[in-house]
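Data block below; observations after.
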Amino acid sequence: MAAGHRAHLHGAATGGGGVSGAALGDGGTAPRRGRDRRARRWPLPTGRERVASPAPRVAVVGGGIAGLAAATALAERGVLVDLLERRPVLGGRLAGWPTTLADGSAVTMSRGFHAFFRQYYNLRGLLRRADPRLAMLTPLPDYPLRRRGGGQDSFARVPRTPPWSALGFAALSPSFTWSGLARMAPRAALPLLDVRVPEVYERLDGISAADFLYAVRFPEEARHLAFEVFSRSFFADPGELSAAELALMFHIYFLGSAEGLLFDVPAEPFPQALWDPLAAYLRGHGVRLRTGTAVERVRPRAGGGFAVAADGGRPEVFDAVVLALDTGGLRDLVAASPALGDAPWRGRIAALRQAPPFLVSRLWLDRPVRPGRAGFLGTSGWGPLDNVSVLERWEGEAARWAARTGGSVVELHAYAVGPTADRAAMQRRLRAELHRVYPETARARLVDARHEWQDDCPLFPVGGFAARPGVATPQPGLVLAGDLVRTDLPTALMERAATTGFQAANLLLERWGVRGQTLWSVPTAGRSRLLRTLAAHA
Ligand SMILES: Cc1cc2nc3c(=O)[nH]c(=O)nc-3n(C[C@H](O)[C@H](O)[C@H](O)COP(=O)(O)OP(=O)(O)OC[C@H]3O[C@@H](n4cnc5c(N)ncnc54)[C@H](O)[C@@H]3O)c2cc1C
């Protein structure tokens, strides 16, 4: 349990604590976040700079990206925030924790590789609070994708601005042949040229990502690529994932944004690079960071506000509550809080589903992989193996371990694993596949290994969008945030978590007549009149 709220921090919202007006997203002057001139700035309701005294008290439940974004935007405007996270550490799915290896080395384990794309404007805005120049993010020069028995795609030389990004990729890629392209059904692909939210869901939420790509007659090899890059990054089988989410991904990364497909990664493990500095920033703004605190029930009070019960303790009173939880956490907490919301809303929460389990295996090997191996490689055709990271290429802690021992730190991901899979066998299988992808690893001795099995990613099933809960709820003063939450901004994954976190804070601030956080997104429609006109013929 952290220390109590600090007294009001005068000037915090306009620069105290080292944040600039730019980082705060000042409504009138918010500078563009990336290189894309067509990135969209979402207007803010006007209001006061800070809440009036006495300041409202808000419980933010969940310490992942969404909860951290909500806590940040509220605290900067003078709200008294308690952030309650059931795990001992912040970061949610990007949490990291200490572990000691068989060789005695103290290292940090996590779910590992995450791509921080340049179009993650709101997430980057959050991280800039503690790291204004984003010095802790380092670019990966490429993101090769290799198919077994096939070619290798690369994004390094692909132009960043559409339509040249898509055309350049197709021209450079061995996955797109002229004959394959000629067989495509261009009319079926037209919706990809003008993706708007929520219209894309009206059009494509009724079919699966797999069926959509079959209908488009996407070239066979390219289809694998689309599955590996986009569909599986939602942790779902392409036959189960809504085609609308796939189209949205094409828009965000390929056809709608000029930020390109290259990305950055943290230069140290998540706690050191991201969450410890952000936690210090939040404490500086008076936030009580209560890790190791599981919220059990939330009850609306007759006179307004909420009673929040955690860890068997006496319920505490708050003026408003942000639920920034993963799918299972949200479902359980709402089920245990029978007076929250109304029956239709509660039914929609109860129906939310998780994507199947995934496995992250990290292996500390006694010898290095070959020098040319990429920091991150997407794989297709090697059984359940989705990607291979060589951590010492980009993470300082792994690089220091590798330099000291002469070894290598390799991470393997397998998404959408069958729920009944034999876990020990799956771990052995992933390692065997690594030996095929990088044969030199077959000779390496395993110094140690860690295996993370989880199933806390949301599933976006075919036809699920209409019932997906949004940031606003039927309960005044109760808002939702997280990557499972519906938003009209074209975002996904970590950026959806950050965006809905800020939106949740904005909704509460608006109630108190206070300005919130300016939001950015990739453009909200096809980039050019030509593309939009073509798409209208779909
Ligand atoms: C292996 C892997 C790789 C990924 N790669 C990428 C990537 O490359 N790019 C990308 O954009 N995204 C990626 N993602 C997705 C990304 O991690 C998520 O979109 C993002 O972290 C979601 O953040 P969140 O705040 O919505 O949820 P979470 O991080 O899940 O946070 C929810 C928090 O609520 C807490 N909680 C639950 N119940 C309670 C309770 N009762 N009381 C208190 N606290 C509670 C949980 O402990 C958790 O900390 C990846 C995910 C995984 C697992």
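Throughout, residue positions are numbered sequentially from 1 according to the sequence presented. Since the model is a prediction, treat every value here as computed from it, not as a measurement. In listed order, ligands and their atoms are each counted from 1.
Taking the six-membered ring wherever Trp is involved, the centroid distance between the rings of Phe263 and Phe116 does not fall below 6.0 Å.
Donor-acceptor pairing under 3.5 Å is lacking for the side chains of Trp401 and Glu395. Residues Thr441 and Arg431 bring no donor and acceptor atom of their side chains to less than 3.5 Å of each other.
A salt bridge links Asp82 and Arg288; the closest N-O separation between the charged side-chain nitrogens and carboxylate oxygens is under 4.0 Å. Using a cutoff of 4.0 Å between basic side-chain nitrogens and carboxylate oxygens, Asp205 and Arg468 are not scored as salt-bridged.
Scanning for salt bridge (charged side-chain N to carboxylate O under 4.0 Å, His left out) contacts around Arg87 gives Asp456, with sequence neighbours left out.
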Can you pull every nitrogen or oxygen pair between ligand 1 and the protein closer than 3.5 angstrom?
unit_1   : atom_1 : unit_2 : atom_2 : d
ligand 1 : 8 (O)  : Ala115 : N      : 2.8
ligand 1 : 9 (N)  : Ala115 : O      : 3.4
ligand 1 : 11 (O) : Tyr120 : OH     : 2.7
ligand 1 : 11 (O) : Met494 : N      : 3.1
ligand 1 : 14 (N) : His114 : NE2    : 3.3
ligand 1 : 17 (O) : His114 : NE2    : 2.8
ligand 1 : 19 (O) : Asp483 : OD2    : 2.7
ligand 1 : 19 (O) : Met494 : N      : 3.4
ligand 1 : 25 (O) : Ile65  : N      : 3.1
ligand 1 : 25 (O) : Ala66  : N      : 2.9
ligand 1 : 26 (O) : Asp483 : N      : 3.0
ligand 1 : 27 (O) : Arg93  : NH2    : 3.1
ligand 1 : 29 (O) : Arg93  : N      : 2.8
ligand 1 : 30 (O) : Arg93  : NE     : 2.9
ligand 1 : 30 (O) : Arg93  : NH2    : 3.2
ligand 1 : 38 (N) : Arg86  : NH1    : 3.4
ligand 1 : 41 (N) : Val295 : O      : 3.0
ligand 1 : 42 (N) : Val295 : N      : 3.0
ligand 1 : 44 (N) : Arg86  : N      : 3.1
ligand 1 : 47 (O) : Glu85  : OE2    : 2.7
ligand 1 : 49 (O) : Glu85  : OE1    : 2.6
ligand 1 : 49 (O) : Glu85  : OE2    : 3.2

